[in-house]
Amino acid sequence: MSDDQPTDLPKHYSAADAEAKWYARWEAAGCFNSDVDKNRLPYTIVIPPPNVTGKLHMGHALNNTLQDILIRVERMRGKNALWQPGTDHAGIATQNVVERQLRQDGFHREDIGREKFIEKVWQWKEQYGSTIISQLKKLGSSCDWRRERFTMDDGLARAVRVAFVRLYRDGLIYRGRKLINWCPKDRTALADDEVDKIEEAGHLWYLRYPVKNPKRADRQYLVVATTRPETMLGDAAVAVNPADERYQDLIGQTVVLPLTGREIPVIGDAFVEMKFGSGCVKITPAHDLADYECGLRHQLEQIVVIGEDGLMTDKAGKFRGLDRFRCREKIVAELDEKHLLDKTEDLTHSVGHCYRCGTAIEPYLSEQWFVSMKPLAEKAIAASQAGEVKFYPARWEKVYLNWLTEVRDWCISRQIWWGHRLPVWYCEKCGETHVAETAPAECAKCGAAALRQETDVLDTWFSSALWPFSTLGWPDDTEDLRYYYPTDALVTDRGIIYFWVARMVMLGLQFMKEVPFKSVYIHGSILDENGAKMSKSKGNGIDPLVMIDGGTQTRFGKEVTFPAYGADVVRYTLCALTTEGQDIKLQPTKFDHARNFVNKVWNVSRFVMLSLADKTLTTAPVEVSQCGFADRWILSRLQAVVEQANAAFDRLAFSEFSTTLYDFIWRDFCDWYVEMVKPAFREATPESTNSARVLLYTLDRILRLLHPITPFFTEEVWSRLRELAPSRGLTDSLPAGEFLMKEKWTQPVAEWRDEELEISITEVQDLVRAVRNIRAKYRAPDDKPVELHISAAEGNAKFVDRMANFLAIIRARANVGEIFVGVDLLKPKVAATEVLAGAQIFVPLAGLLDVETERKRAEKELEKKKKSLYSLNQKLHNFEFLTNAPPAIVATEKERAADLEQQVKNLQAWRDGLQ
RNA sequence: GGACGAUUAGCGCAGUCGGUUAGCGCGUCUGCCUUACAAGCAGAAGGUCAUUGGUUCAAGUCCAAUAUCGUCCACCA
């Protein structure tokens with residue numbers, strides 16, 4: 001057979017070709033596209049826009065796999081599914097990347113100027129910015145790429161300006177001089193949540209401040225404790241708790257600031273912890289948030305001693321120009337020399353670091369722009385409390401609410417170049433501030449034409465906050481916006497609940513008067529095998545692209561080579577590991593499980609195709625009730641599984657969704673159904689005509705169900721199967737479509753469910769397993785069928801009747817020759833025994849049986865059964881149980897007890913009969 | 001200092017309303033290259049559900065405390 005023959009599937013599925021092929025075909029055929037269609041319900045997800053600088057990591061892979069599964073299922077369910085893609089300009093991150101590149105050529109951004117630099121960033125974006133997009137495609141993401149947006153494109157830039165102007169006019173944006181988080185390396189302000197607090201080993205220095213004109217002889221100086229001695233140069237006071245009896249006499253006195261000779265007051269303020277340090281706190285309003293607030297309360301001078309470059313300012317006197325950390329050393333040394341260093345203690349404390357470059361943050365007093373958060377937050381709180389936004393898992397709502405309740409005003413201005421420049425102009429002549437969507441021609445106040453635009457740009461998250469509606473055309477009232485907004489689900493990591501989720505809700509409510517999404521699914525984070533976060537510096541990451549394509553990667557300092565697992569395997573693995581927002585400890589070997597599974601489905605598809613190849617497939621309606629037991633059974637199981645899988649999906653239980661399908665496909669379909677119908681196919685019995693249809697039908701449904709998780713290989717199988725079997729269905733006959741991804745999702749057919757049959761087959765399976773167990777135990781030769789006696793318990797004639805239907809199956813599946821089945825059969829002389837619920841089996845094994853082995857088996861089983869019978873009887877003799885437990889429970893427990901009793905009896909007889 | 005999460009077989013994890021003998025994958029052991037699949041098939045071993053107490057007829061599941069690990073928040077300088 002040649003390669004084109006549909007029945008000639010290679011033994012192993014090779015992902016690389018199929019993935020490139022199908023993605024291109026889907027895209028060319030417009031399978032990902034969604035357009036407004038008022039006759040259909042929309043289902044919308046906006047992608048968390050990855051940074052343009054980004055490379056796909058496992059977190060992205062997980063995040064986008066889950067979104068794609070949601071989108072693909074809803075699309076197959078008939079919804080008009082839109083997955084809105086795009087990227088984020090990522091202000092500081094991108095600026096840093098381009099600056100680094102510039103430095104390699106020996107330039108600083110100041111050398112080429114703002115205009116040129118921005119041009120360079122755009123060039124960089126055009127050249128490398130699509131990396132992450134092509135990687136998302138490799139993963140199989142079915143985004144509508146025609147709609148791809150960028151947070152700096154013209155439309156979104158306009159949205160940003162409109163949003164800014166409206167917020168300003170509503171009094172929700174203001175400018176002010178405040179203490180903000182400053183990154184001395186990036187030389188920009190940062191928002192509170194852009195600061196990572198890191199526990200660091202530091203020191204607590206106890207400094208002596210001489211008291212001026214001490215009233216008491218033992219008060220020559222007071223001692224303040226500080227972790228940042230260099231800020232003493234900017235001290236404006238020393239504070240003590242007014243309730244602190246040790247220091248009450250000091251309040252109102254003056255101390256002399258060492259090294260400067262400046263005189264500062266001692267004040268009383270309740271914020272001072274008496275128990276910490278010495279109980280005296282130096283107050284540096286310009287360099288510490290708590291001190292800043294204290295300073296405002298007491299109208300203290302704000303002395304800036306550290307500049308925007310992290311160097312000491314003129315106000316630092318002789319320390320001017322010194323790096324802040326160098327200055328710290330010098331000051332400590334000098335104080336020590338002057339006997340003004342009381343003592344030094346070790347202290348671990350948390351220090352803020354820039355989330356982009358890792359530099360220690362400096363609280364810095366400067367003129368910035370802020371969003372007034374309280375009014376916006378109130379609405380966002382109300383919306384989630386009213387259930388308009390639902391969190392999965394629900395506990396994240398509390399985290400979200402906490403933040404919103406305590407939120408401080410949002411510093412949105414950044415002193416970098418790459419980003420949306422504030423739509424603010426200042427009059428050069430009169431200084432008037434103009435906030436407008438476009439540059440005003442002249443000053444509205446004094447008429448001067450000389451206007452200068454604000455140089456600050458906006459926080460990246462400002463444009464991200466508009467993403468769910470700006471991508472759909474806002475501020476225009478577009479068809480898209482009316483149809484797709486609010487979106488359905490937002491899938492993201494807990495790391496950006498504050499940065500992004502909360503702000504989208506706030507601005508969505510502000511501008512659209514409606515929440516931006518109905519549900520927020522927070523999935524876990526990907527960790528390495530030791531439970532540590534994956535990061536470049538630790539070298540513990542697993543590159544999803546290496547997992548897809550294969551190749552080498554450095555892990556824990558070693559070069560490791562990985563096989564090409566393919567996108568489906570990566571997707572399945574991530575889906576299967578996603579349980580209720582739990583973090584995922586990932587290790588490369590975890591992909592083997594899914595690889596084996598994909599291979600299994602691939603191979604069973606081969607089997608189906610080989611089996612159907614030499615058959616003429618009928619298209620006449622199949623009467624399911626006329627089908628054989630195996631056929632009816634697998635159809636019944638299929639209905640149960642479809643129901644279960646749908647339920648799991650609707651609860652966003654991704655792991656359960658995939659494992660439900662896994663169990664059905666591997667255990668029910670491959671291990672049992674296929675094996676049960678094989679003989680009929682081999683012998684081409686009349687039944688095999690129906691079985692062929694059922695086999696095809698079930699595989700067809702399996703492919704549909706699996707497609708959202710593993711789109712590529714299922715599509716490949718689908719196309720090959722389609723050539724062989726162009727029409728599908730049992731009671732009807734429908735042509736198989738060109739693309740599996742556009743086929744209908746599967747709904748359960750209630751009439752095909754046959755629970756009684758399922759129970760019977762379970763009994764058959766137990767019986768077969770018991771025989772196999774005996775065969776294995778005694779090494780019965782494979783090629784020799786054994787004799788089997790099935791002895792139902794006394795009075796259980798029904799069991800005998802049931803089993804009579806399945807003797808052929810038992811014979812084939814357990815390699816059994818002659819079967820005797822009846823009630824209370826006599827045990828043959830030399831036979832191995834196994835006790836089951838409702839029956840006992842005997843397998844005569846002359847010459848193989850070993851009394852000792854048999855006795856051990858019997859004893860062990862007996863022990864187990866006796867134990868459960870004992871605890872069960874305890875329960876049944878408990879009056880409280882009988883009166884309090886629901887009657888149905890009591891009834892089943894009684895049945896169980898009766899059955900166990902019978903089993904114990906059988907086991908005892910078995911053991912006693914051995915000799 | 002507060003909030004949240006985790007603790008179940010050697011390892012990684014499921015376990016919904018509290019109700020049969022606590023499941024799955026990897027690994028281990030035994031036997032099989034059986035015409036879809038050795039990335040496979042068949043069988044087996046392996047668990048005091050972190051600890052203590054409580055609620056209940058009944059607890060892996062609910063409540064409280066403790067321990068260990070982890071995450072987030074917070075102005076102890």
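As the structure is a prediction and not an experimental result, all values here were calculated from the model. The basis for the numbers below is simple: all heavy atoms, side chains too, and nothing from hydrogens, waters or symmetry mates. Chain identifiers are assigned alphabetically (A, B, ...) following the order of the sequence lines, protein sequences preceding nucleic acid strands; residue numbering begins at 1 within each chain.
- Side-chain proximity of A/His593 to the nucleotides B/rG25, B/rC41, B/rA77 is greatest for B/rG25.
- The side chain of A/Val674 lies closest to B/rA36, out of B/rG43, B/rA36, B/rA6.
- A/Gln874 contributes no side-chain N or O that forms a donor-acceptor pair with the base of B/rA58 under 3.5 Å.
- Proximity of a side-chain donor or acceptor of A/Arg772 to a complementary backbone N or O of A/Arg813 within less than 3.5 Å is detected.
- Residue A/Phe276 has its side chain nearest to B/rC76 when only B/rC76, B/rA14, B/rC4 are considered.
- Nucleotide B/rG43 forms a pair with B/rC29, judged by Watson-Crick or G-U wobble geometry with both contacts under 3.5 Å.
- Listed nucleotides B/rG19, B/rC73, B/rG40 differ in distance to A/Tyr498; the shortest reach to its side chain belongs to B/rC73.
- Close placement of the A/Tyr355 and A/Phe499 rings is indicated, their centers lying within 6.0 Å of each other.
- Phosphate contact (OP1/OP2 of B/rG40, side-chain N/O of A/Asn596, threshold under 4.0 Å): present.
- When heavy atoms are screened at a 4.0 angstrom cut-off, A/Asp663 is found touching no nucleic acid atom at all.
- Listed nucleotides: B/rU16, B/rA77, B/rC4. Nearest to the side chain of A/Asp288: B/rA77.
- Judged by the 6.0 Å and 45° rule, A/Lys600 forms no cation-pi pair with A/Phe669.
- Out of B/rC75, B/rU30, B/rC57, the shortest distance to the side chain of A/Lys197 is found at B/rC75.
- For A/Glu293, the side-chain atoms get nearest to B/rC75 when compared with the rest of B/rC75, B/rG19, B/rC73.
- Taking atom P on both nucleotides, B/rG10 is separated from B/rC17 by 28 Å, rounded to a whole Å.
- Among the nucleotides B/rC76, B/rA3, B/rA14, the one closest to the side chain of A/Lys398 is B/rA3.
- Here, B/rG46 and B/rC26 have their C1' atoms 14 Å apart, quoted to the whole Å.
- In the set B/rU20, B/rC57, B/rC75, B/rU20 carries the atom at the smallest distance from any side-chain atom of A/Glu893.
- B/rC62: glycosidic angle beyond 90° from 0, hence anti.
- Contact annotation: A/Lys678 reaches the phosphate of B/rA36 (side-chain N/O to OP1 or OP2, under 4.0 Å).
- Using N1 to N3 plus N6-O4 or O6-N4 for Watson-Crick, or N1-O2 and O6-N3 for G-U wobble, each under 3.5 Å, B/rC76 pairs with nothing.
- In this entry B/rC62 has B/rG54 as its Watson-Crick or G-U wobble partner, both defining distances falling under 3.5 Å.
- Between the side chains of A/Asp592 and A/Tyr565, a donor-acceptor pair is found at a separation under 3.5 Å.
- A 3.5 Å limit on both hydrogen-bonding distances identifies B/rA3 as the Watson-Crick or G-U partner of B/rU71.
- No hydrogens or angles were tested; on distance alone, nothing pairs the side chain of A/Lys11 with the base of B/rC37 as donor and acceptor under 3.5 Å.
- A close approach under 4.0 Å does occur between a side-chain nitrogen or oxygen of A/Asn773 and OP1 or OP2 of B/rA44.
- Residue A/Trp666 places none of its side-chain N or O atoms closer than 4.0 Å to OP1 or OP2 of B/rA36.
- Listed nucleotides: B/rU30, B/rG12, B/rC73. Nearest to the side chain of A/Lys590: B/rG12.
- For the P atoms, the distance from B/rU34 to B/rA42 is 14 Å, rounded to whole Å.
- Side-chain contact of A/Asp899 with A/Gln903: a donor-acceptor pair under 3.5 Å is present, judged by distance alone.
- Across all strands shown, A/Arg494 has heavy atoms under 4.0 Å from sugar-phosphate atoms exclusively, and none from any base.
- Base pairing of B/rG23 is made with B/rC13, judged by Watson-Crick or G-U wobble geometry with both donor-acceptor distances under 3.5 Å.
- For an aromatic pair to be called close, the ring centres must be under 6.0 Å apart, and A/Trp396 with A/Phe391 fails this.
- At the phosphate of B/rA39, neither OP1 nor OP2 sits under 4.0 Å from any side-chain N or O atom of A/Arg595.
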